[in-house]
Each structure stands twice: as structure tokens, then as C-alpha cells.
Amino acid sequence: MSKLVLTSHGRFCEELKKSVELIFGEQPEIYTLPLLPEEGEADYIKKFEAIKAETNGEKLIVLADLMGGTPANQISKYVMNGEDIDLYTGMNMPMCISYLNAQMTGQPLNLINDATAGVKLLNDMLPKN
């Protein structure tokens, strides 16, 4: 079993969780880790360590907002040190839904395909008058 952690610059991760909960209901097993403007790296790491302690060493699936940003870079250090963390960037709602569906059905995670499958230029798909 794994736990999902959403992390972002600002409160994007918290709001994404709220949006997912509109579809799936309350998700206390999804953790959020915002990097707030008034916080530094030490504050961020302290919050991540608290999440790790709360999840009792379970595997973490971390979805970060942006490759190369501070949240992803800080979690990358844990991955490079051998921690049991899968770190994805480009976090979006289809990734969260994919994770929850996989948890409910026992199917393997397919986050990257599910995240990109919904990216469409709708104009090309709509009928023209």
C-alpha cells in the first residue's frame, strides 16, 4: 500500500485535493505539502518529515507541481538517498484520479499516461457549423 502526497508552490496542492474530494468524497489518506511564501527549505523539510512520520514508513507517491521547482528538488534528495518514494512532476487532477482508481481496483498505477490522455485541443474535436 502507498500514500499519496501532493506538493506545490503555494496552496495549489491543497486546492487540488479539495477538487478531487468533490468527486471521490473526503480523502484523509491524501497528504498535502505546500511550500508557502513565508517558508524556507528547512520549514518545508520539517513538514515533509512530519508526513513521513505519520505514514509509518509506507511507500510514498509524491506528485509535485513543477519539475525543477523547490518542492520537487527537495523530495528528489530523498529519492537519491534511496527512500521508497516515487516522485512525479506535472501534477494534475487526472493523476490524482488515476491514483485513487488504482487503489480502489488494485490495478497498477499508470499516472503518466492517464495524466496526458486528457490533454486535448477541444476545438479540433468539436463539430463546426
Side-chain angles (χ1 to χ4, degrees):
M1 191 81 169
S2 62
K3 300 291 184 186
L4 184 62
V5 179
L6 309 178
T7 187
S8 64
H9 295 83
R11 299 197 182 275
F12 171 53
C13 59
E14 295 172 339
E15 296 304 320
L16 179 57
K17 179 183 177 185
K18 289 177 188 176
S19 294
V20 169
E21 289 177 332
L22 286 174
I23 298 168
F24 284 90
E26 188 176 350
Q27 297 296 316
E29 298 289 317
I30 296 178
Y31 297 84
T32 59
L33 180 58
L35 175 61
L36 301 175
E38 65 274 8
E39 295 177 330
E41 290 178 3
D43 301 308
Y44 181 83
I45 293 301
K46 183 177 179 181
K47 292 191 301 187
F48 184 60
E49 288 292 334
I51 289 171
K52 284 180 44 186
E54 190 173 332
T55 58
N56 296 317
E58 288 189 68
K59 179 178 187 70
L60 297 179
I61 307 294
V62 178
L63 306 184
D65 59 350
L66 182 66
M67 187 168 75
T70 300
N73 290 346
Q74 291 301 312
I75 304 303
S76 292
K77 294 175 185 176
Y78 288 88
V79 174
M80 291 186 293
N81 284 326
E83 300 251 356
D84 195 12
I85 298 170
D86 287 345
L87 174 60
Y88 295 85
T89 59
M91 173 177 68
N92 61 32
M93 194 166 183
M95 292 173 90
C96 297
I97 291 170
S98 178
Y99 174 85
L100 291 171
N101 282 334
Q103 291 292 308
M104 289 187 298
T105 64
Q107 297 295 314
L109 284 176
N110 199 6
L111 295 182
I112 294 172
N113 286 339
D114 292 342
T116 59
V119 178
K120 308 282 185 208
L121 176 58
L122 225 44
N123 297 43
D124 294 341
M125 302 171 75
L126 296 172
K128 307 291 190 267
N129 290 330

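T105 contributes a side-chain N or O that, together with a main-chain N or O of N101, makes up a donor-acceptor pair within less than 3.5 Å. Judged by distance alone, the side chain of N113 and the main-chain N or O of N110 form no donor-acceptor pair under 3.5 Å. Proximity of a side-chain donor or acceptor of K52 to a complementary backbone N or O of G57 within less than 3.5 Å is not detected.
Looking only at side-chain heavy atoms (C-beta outward), I61 and V5 stay at 4.5 Å or farther from each other. Using a 4.5 Å heavy-atom threshold, the side chains of L6 and I30 count as touching. Side chains of L63 and L4 form a contact here, defined as non-hydrogen atoms less than 4.5 Å apart. Here the side chains of L60 and T55 are in contact, with some heavy-atom distance below 4.5 Å. Between V62 and D86, every side-chain heavy-atom pair lies at or beyond the 4.5 Å cut-off.
Residue pairs meeting the ring pair (Phe, Tyr, Trp, His ring centres under 6.0 Å) criterion with at least one member in residues 47-93, sequence neighbours excluded: F48-Y78. Here ring pair (Phe, Tyr, Trp, His ring centres under 6.0 Å) pairs that include residues 93-129, with residues two or more places apart or in two chains, number zero. Pairs engaging residues 31-42 under the side chain to side chain donor-acceptor pair (under 3.5 Å) rule: E39-K47, E41-Q74 [sequence neighbours left out].
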Item to complete: Might you work through the salt bridge (Lys or Arg N to Asp or Glu O under 4.0 Å) test for E49 and K46, ending with a clear yes or no?
Response: CA-CA 5 Å; E49 288 292 334; K46 183 177 179 181; over 6 Å; no

Tell me which donor-acceptor pairs under 3.5 Å the side chains of residues 120-129 have, and how far apart each pair is, sequence neighbours excluded?
residue : atom : partner : partner atom : Å
K120    : NZ   : A117    : O            : 3.3
K128    : NZ   : N123    : O            : 2.4
K128    : NZ   : L126    : O            : 3.3

Kindly list each side-chain donor-acceptor pair under 3.5 angstrom involving residues 64-73, sequence neighbours excluded, with atom names and distances?
residue : atom : partner : partner atom : Å
D65     : OD1  : H9      : ND1          : 3.4
D65     : OD2  : H9      : N            : 2.8
D65     : OD2  : H9      : ND1          : 2.9
N73     : ND2  : G68     : O            : 3.0
N73     : ND2  : G69     : O            : 3.4

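Heavy-atom neighbours of I112 CD1 from other residues, nucleotides or ligands within 6.0 Å: at or below the threshold of 12. For K59, the NZ atom is densely surrounded, since the number of other residues' heavy atoms within 6.0 Å is greater than 12.
Residues satisfying the side-chain contact (heavy atoms from CB on, under 4.5 Å) test with L22, not counting sequence neighbours, are none.
Salt bridge annotation for E14-K17: absent, with no cationic side-chain nitrogen under 4.0 angstrom from a carboxylate oxygen.
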